[in-house]
*Asks:* 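One structure follows; several queries about it will come next.
Hydrogens, waters and symmetry mates are skipped; everything else that's a heavy atom, side chains included, is used. Here is the naming used below: chain letters follow the sequence lines, and residue numbers restart at 1 for every chain.
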Amino acid sequence: MSQARVVASSPFKKKGELAPPRRKLKTPWLFIFLCMSPWLFGMVFFTAYPMISSFYQSFTKFNLIESPKWIGLENFHRMFFEDSDFWQALKNTVWISVISIPLRIAFAMFTAWVLTKPKRGRNIYRTIFFLPSMVPAVAATMAFTYIFNPAYGPINRMLEAIGIKEPPFWFLDPKWSKWGLILLGLWGIGDTMIIFLAGLLDVPTSLYEAASLEGASGWQSFRYITLPLMTPVIFFSTVTGVIGSFQYFTQAYVASGQVNDYSHSMYFYATHIYFSAFRAYEMGYASALAWVLLVITLLCTLVILKTQKRWVHYPNGSLFK
Amino acid sequence: MMKKRLFASLAATALVAASMIAATEAAQAAPRVVTVWSPYQGGNLAMWDAAIKRVEAANPGLTVKSVGNIDMAKSLAAINAGNGPDISVSNGNGNLGWFCGTGAWQKLNTLIAGKNGIDMKSTFNAASVASSISNNNRCALPLYSEIFAFFWNKDVLAKAGYTAPPKTTAELLAYSQKLTTFNSDGSIKTAGFVPWAGYYGFDMDSMWLGQMFGAKWYAGDRSAAFASDAKWAKAFNWQKDFIAKVFGGGNFDKGSKLLTKFVAARGGEWGTDHDFMTGRVAMKWDANWMAPMYCTGDDWALADKCTSKVNFGIAGFPVSPDNLAAYGSGVVGQGQMGISKGSKNVKDAWIVMKALATDTKMAAAWDAANGSPSSLLSKAARPDNQPAWYQPVYDVMNNPKSAYHTVKNTGEHLEESMLQNLMASWQAGDTSNIKTALSDLAEKVNQIIARNS
């Protein structure tokens with residue numbers, strides 16, 4: 001851009017007058033640093049330092065009393081070759097991820113789609129469906145252990161009323177306990193649902209009108225318009241779902257405590273980290289478990305990120321495109 | 001000139017000597033402070049602090065700083081960071097292996113045997129003497145006891161023709177068969193006895209089962225004995241047989257399913273809808289601190305006469321036929337206290353700890369307020385007007401066969417919860433071969449101990 005053009009466009013200078021040379025402004029580094037300091041402090045002391053410390057500890061034997069003792073890869077060897085609880089926890093975690101993520105996405109999308117239909121009282125319905133996601137996980141889980149109680153819980157009373165003679169024992173039965181957690185998760189679908197709802201409302205109605213004129217059925221409209229345009233939301237929900245499900249803890253911990261889950265059917269990876277750290281006081285081993293969890297989550301996320309080019313449709317471009 | 005020099009030298013020497021004496025006196029006059037951290041609050045903390053005042057009064061110049069409401073995790077973190085208290089208190093002795101094994105609490109052997117020591121056997125009851133040892137080191141002194149005994153509903157048993165509680169495992173099964181009733185749909189209405197891990201918080205614990213059968217937790221104080229001591233397999237098989245015969249009409253799976261549902265419908269643990277109070281169960285294992293509730297309902301007072309609708313008695317655990325000598329005993333644990341690693345004033349800490357552990361005034365007040373009998377043998381440690389109905393609790397506590405299992409450095413007594421998990425898996429029918437399962441368990445426990453040692 002020439003100087004003359006700058007002058008011409010400036011309302012404060014007369015036409016043809018040269019603008020004075022620009023003063024080089026000093027970057028106020030101190031001010032910027034001061035503004036950033038709360039975050040920096042938090043980042044350094046509450047994230048970076050614990051992570052570095054935990055990485056170091058993962059190669060040590062550390063019981064909180066004695067100083068950490070370097071043992072090389074022993075924690076990792078124990079994890080993969082000696083610790084049956086590790087495999088049990090991993091198996092349970094993979095199970096809940098594989099089952100719950102698709103179910104949550106499907107249920108959230110379906111609920112959101114249903115909520116686009118009412119002409120009146122729309123906001124009330126949306127609020128009702130969103131509310132469960134605001135209930136604290138502990139309270140919700142305790143309520144569900146009551147609802148699913150095989151002796152006096154309303155669910156089994158209803159199942160018996162419709163003719164099911166031996167309804168499941170839910171949280172008290174290792175074969176059914178995880179399904180109880182899945183249902184608990186589906187009940188609190190509100191947060192995912194709201195994202196799908198926003199996505200669905202964003203789909204141009206003209207596309208449906210055009211499809212209708214072309215004679216497309218409802219299923220075809222869903223398959224060729226709604227679903228492709230929802231893929232960014234599905235992608236987002238999958239990534240956050242994987243990260244969340246590998247850290248699945250509160251509901252399982254509360255439910256297993258309520259019903260004495262001695263069979264470890266609700267023993268998840270995060271629970272194993274918690275027990276190793278705060279029951280067995282093996283901080284070194286717990287740190288190693290945490291780092292393996294990070295690697296697993298990272299790998300899963302990378303795989304999803306890599307494959308998204310094939311199935312995620314971005315009509316207006318995207319960072320990931 | 002020489003004289004002047006001599007005078008100057010003498011003066012300088014005198015000055016140095018005077019300052020050294022002053023420094024020594026100052027050091028001697030330095031305040032003797034002992035810090036004590038406890039988990040106590042409210043009335044219990046007041047009793048504790050009153051005992052501390054007595055220690056200070058008996059030891060002029062000694063100051064004891066008492067801090068309440070501190071749990072063991074906080075103490076542990078502080079001890080590790082090097083700024084822990086001189087003395088810390090643990091509720092229960094399950095963590096003793098951990099505190100002793102890691103050195104968080106110092107060994108007391110020398111102090112106990114020393115000039116100002118304690119004759120443990122003549123001061124504390126047998127269970128307390130045995131249980132404050134881990135890995136051959138005594139690192140703690142016992143405080144009050146917690147007693148786990150057998151509770152039975154006298155009225156329900158009397159209706160069935162029984163005037164005394166069952167003394168053997170065979171009698172317990174026979175009593176239960178007679179006392180268990182079923183609804184018309186086949187579900188359990190009332191149970192004689194429920195041998196089910198997880199029924200209530202202090203019910204079918206693996207430790208109780210071991211005590212009934214005289215099963216050892218560790219062989220020769222070295223390795224886990226779950227596989228090597230055949231009494232464990234015998235105990236587990238008794239549990240399975242009991243479920244099949246009493247609840248399943250000979251069918252274990254049926255009995256297990258019925259019990260699962262029965263247990264799921266249990267009343268709340270901390271109120272008058274507790275199954276033992278409503279008559280849903282006639283006999284159970286329980287902790288001494290539940291007795292006041294059974295006696296008065298929600299009042300929880302250690303009353304002279306029981307006023308609630310359950311007319312109950314307390315006795316020792318029924319025992320297996322080859323363990324008859326242990327009848328009358330139960331499981332007895334204690335609150336424990338130790339001197340922290342890094343304490344800079346071990347000598348004074350020992351004075352304070354010994355005084356607190358042997359303070360009969362505090363022990364009696366504590367017992368009167370909480371129904372938690374002291375571990376002290378002295379009669380002065382008993383409250384004056386303890387109700388007669390509570391006497392069996394003392395009898396169980398002082399039975400020479402009463403004990404807590406040997407503790408090892410397994411973190412937060414993991415061997416207990418692991419055995420409990422196995423028991424639950426076994427009672428649900430998920431474990432088919434108990435000998436293999438016990439063997440695997442022993443191996444796991446040994447691995448934990450090896451890692452922590």
*Asks:* Under 4.5 Å heavy-atom distance to chain B, tell me which part of A/Phe62 shows up: side chain, backbone, both or neither.
*Replies:* side chain
*Asks:* Against chain A, label B/Ala428 side chain, backbone, both or neither, depending on which of its atoms sit under 4.5 Å from a heavy atom there.
*Replies:* neither
*Asks:* If I compare all heavy atoms of A/Ala151 with all of B/Ala264, which pair ends up nearest, and what's the gap?
*Replies:* CB-C, 4.0 Å
*Asks:* Taking only residues two or more places apart in sequence or in another chain, which ones pass side chain to side chain contact (heavy atoms under 4.5 Å, CB included) with A/Leu299?
*Replies:* A/Val295
*Asks:* Determine whether more than 12 heavy atoms belonging to other residues, nucleotides or ligands lie under 6.0 Å from atom CZ of A/Phe80.
*Replies:* yes
*Asks:* Quick check - list every chain B-chain A donor-acceptor pair under 3.5 angstrom, one line each.
*Replies:*
residue, atom, partner, partner atom, Å
B/Asn80, ND2, A/Leu64, O, 2.7
B/Gly198, O, A/Asn260, ND2, 3.2
B/Ala264, O, A/Asn149, ND2, 2.9
B/Lys341, NZ, A/Ile65, O, 2.9
B/Glu412, N, A/Arg279, O, 2.7
B/Glu412, OE1, A/Tyr281, OH, 3.3
B/Lys444, NZ, A/Ser84, OG, 3.1
B/Arg451, O, A/Lys61, NZ, 2.4
B/Arg451, NE, A/Glu282, OE2, 3.1
B/Ser453, O, A/Lys61, NZ, 3.4

